[in-house]
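Letters A, B, ... are given to chains in the order of the sequence lines, protein chains preceding strands, and every chain is numbered from 1.
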Protein chains: 4
Amino acid sequence: MYFNIDPKKNVPLYEQIIHQVKEMCAKGLLKPEEKLPSVRELSSQIVINPNTVSKAYKELERQGVIMTIRGRGTFISEDFHFTHDPRKSEAIKQALKQAVIDSHYVGIEKEQVESWIEEFYQEIGGENRES
Amino acid sequence: MYFNIDPKKNVPLYEQIIHQVKEMCAKGLLKPEEKLPSVRELSSQIVINPNTVSKAYKELERQGVIMTIRGRGTFISEDFHFTHDPRKSEAIKQALKQAVIDSHYVGIEKEQVESWIEEFYQEIGGENRES
Amino acid sequence: MYFNIDPKKNVPLYEQIIHQVKEMCAKGLLKPEEKLPSVRELSSQIVINPNTVSKAYKELERQGVIMTIRGRGTFISEDFHFTHDPRKSEAIKQALKQAVIDSHYVGIEKEQVESWIEEFYQEIGGENRES
Amino acid sequence: MYFNIDPKKNVPLYEQIIHQVKEMCAKGLLKPEEKLPSVRELSSQIVINPNTVSKAYKELERQGVIMTIRGRGTFISEDFHFTHDPRKSEAIKQALKQAVIDSHYVGIEKEQVESWIEEFYQEIGGENRES
DNA sequence: GTGGTCTAGACCACT
DNA sequence: GTGGTCTAGACCACG
């Protein structure tokens, strides 16, 4: 459970938390039913306001990635199932398109992008929670 | 020069303009030295505050994508060259990673992502301005 | 006496117990004077903190649904009578209104809601304790 | 746009706002594309913290009831479509069941409940946004 | 002007 | 101990 939060990034702190939790889940570093650090714990660990951590946890719960049990804490969902939201799907496609165009302007080759994609799927691979 | 701006998206309007200009350039729909609509023209065309268009143009100029000639108007740069900024490169890699993870949570298959990437490069295709 | 308690719900555990006891009473599955499991029994049966069960029993007793006889245990009241509290009545009306509005937003038809209501009253049916 | 918020209720303030907006929409008192009061406006009107109003608006947006346009304000969605979430559906059914059981304990007759339901649908009727 | 993010600190309900 | 709610007040990005 090591978080790497950077307040200098223009990505909101709570989103950085969301991203990292999802990444750790996807990579199998966090297993279903595993306990996450409590709001207060994590907030003091990464020196951030508890409300900010809470906001991230709430959003993760809304997405079905984690679940909270009253008085006991927060845990990785054991019964995650895909959303298949067409709006999100479209948003992701746009994000990919934008990344490709931006990469083109920075002089990154197509092969580089494809190898990155391959690399990301390697990291997830095999550990896929649905398998 | 058809812009597709949607104020309901959570992407800032000025960024949407930037994205679309860059996309059109990458696809060859806008050629070097081609004239862009004036701030006033564009702002009335897409019903938007002129300041917003101005902000987008300023940023595009800063990135070297377009250039303004006083009294003549705004044009696509003819001498654009890649930046190779390692920070931007890293940011793009992170964006790609996040898109891959998010797609995983929405139930999008690896093949779908790869086909999208291929599709985007097809669109840019032989029209690459520096080829 | 089968309880179905789910700590993942956002309904407090002690309220879930209260609901289920009242439901079983209303359906006639628990008859007046019938003995309830002791706090310890129930808390170990549904794997829950004894304090939580105790809290539920206290509230049920306050509402007159059950009664505790020191040294003998806890029993369903035989002399329950309606409260006719106008504030509770209003609260229930509001809850129903909210459920109707929410159902509308989820796309549930009026007929579905009415059939559910009918179903619930069927379950309570001729077993009404004061009939 | 009259809100009736009561801090003494045990329903959270932001939920009361959510309920009332949804109710006004369902009744046709708020039309699609209509502007809602700004966060600051509403918060000063009902003497509440802006963050609380913001939280309510965020949740309403998540549910697709309203939409926010950057720098312009918050508006009723014109393209609302049902969610058909089976989990929400089940939650609503449970809420209805609980209301029926509670009403039974307060001495409310079946006919009274049914007449309330009918009344609520009368208020919504005809003005249904999807018609 | 709009909403979005973050902080600091308080109080409460639940277990 | 846990998370949930609310307040007060600050700063920022966007239009």
- Comparing A/Val11 and C/Glu15 on DNA chain E - which has the more 5′ nearest nucleotide: A/Val11

- Query: Between E/dG4, E/dT15, E/dT2, which one does the side chain of D/Glu41 approach most closely?
  - Reply: E/dT2

- Record whether the side chain of A/Asn51 comes under 3.5 Å of the base of E/dG9 through a donor-acceptor pair of N or O atoms. yes

- Gap between atoms CG and C1', on D/Leu42 and E/dT2 respectively (whole Å): 14 Å

- D/Gln63-D/Lys22 side chain donor-acceptor pair, cut-off 3.5 Å: yes

- Message: Should the side chain of A/Arg40 and the base of F/dG3 be counted as holding a donor-acceptor pair, with the cut-off at 3.5 Å?
- Response: yes

- Under a 3.5 Å cutoff on both atom distances, Watson-Crick or G-U, what's the dot-bracket for DNA chain E ([ ] crossing, | other strand)? ||||||||||||||.

- Could you state the CG-P distance from C/Asn49 to E/dT15, rounded to the nearest angstrom? 9 Å

- Within less than 4.0 Å of OP1 or OP2 of F/dT5, is there a side-chain N or O belonging to D/Tyr14? yes

- Task: Return the nearest nucleotide to the side chain of C/Lys55; candidates are E/dC14, F/dG4, E/dG3.
- Result: E/dC14

- Message: Using whole Å, what does the distance between atom P of nucleotide E/dG4 and atom CE of D/Met67 come to?
- Response: 14 Å

- Kindly say if A/Thr68 contacts the phosphate of F/dT2, meaning a side-chain N or O under 4.0 Å from OP1 or OP2. no

- Message: What is the separation between atom NZ on B/Lys9 and atom P on F/dC14, rounded to the nearest whole Å?
- Response: 16 Å

- Of F/dG15, E/dG3, F/dC6, the nucleotide closest to the side chain of B/Pro12 is F/dG15

- Can a side chain N or O of D/Lys58 be found less than 4.0 Å away from OP1 or OP2 on E/dT5? yes

- Message: Are A/Tyr14 and A/Tyr57 an aromatic pair, judged by ring center distance below 6.0 Å?
- Response: no

- Query: Are C/Glu90 and C/Gln94 linked by a side-chain donor-acceptor pair shorter than 3.5 Å?
  - Reply: yes

- Message: How many whole angstroms separate atom NZ of A/Lys8 from atom P of F/dC12?
- Response: 17 Å

- Query: Do any side-chain nitrogens or oxygens of C/Thr52 fall under 4.0 Å of OP1 or OP2 in E/dC14?
  - Reply: no

- Looking across every strand, which nucleic acid part, if any, lies under 4.0 Å from A/Ile69 by heavy atom: base, sugar-phosphate, or nothing? nothing

- Note on the structure: Taken to the nearest whole Å, CG/C/Asn10 to P/E/dA13 is 17 Å

- Query: Is the shortest side-chain N to carboxylate O distance from B/Glu61 to B/Lys58 below 4.0 Å?
  - Reply: no

- Query: Should B/Lys8 and D/Glu78 count as an ion pair when the cut-off is N to O under 4.0 Å?
  - Reply: yes

- Item | N/O (side chain, D/Ser38) to phosphate O (OP1/OP2, E/dT2) under 4.0 Å | yes

- Nearest-angstrom distance from the residue atom CG of A/Leu13 to C1' of F/dC11: 13 Å

- Query: Shortest non-hydrogen contact from C/Leu13 to C/Pro7?
  - Reply: CD2-CA, 3.6 Å

- Item | side chain to side chain donor-acceptor pair (under 3.5 Å) partner of C/Glu23, chosen from D/Gln98, D/Lys97, D/His104 | D/Lys97

- Item | Nucleotide nearest A/Ile48 when distance is taken to its side chain, options F/dG3, F/dC14, E/dT7 | E/dT7

- Note on the structure: Per nearest nucleotide of DNA chain F, the residue lying toward the 5' end, D/Val47 or D/Arg70, is D/Val47

- Note on the structure: Rounded to whole Å, the CD-C1' distance (B/Gln16 to F/dC14) equals 12 Å

- Query: Taking 4.0 angstrom as the limit, do C/Lys55 and C/Glu59 come out as a salt bridge?
  - Reply: no

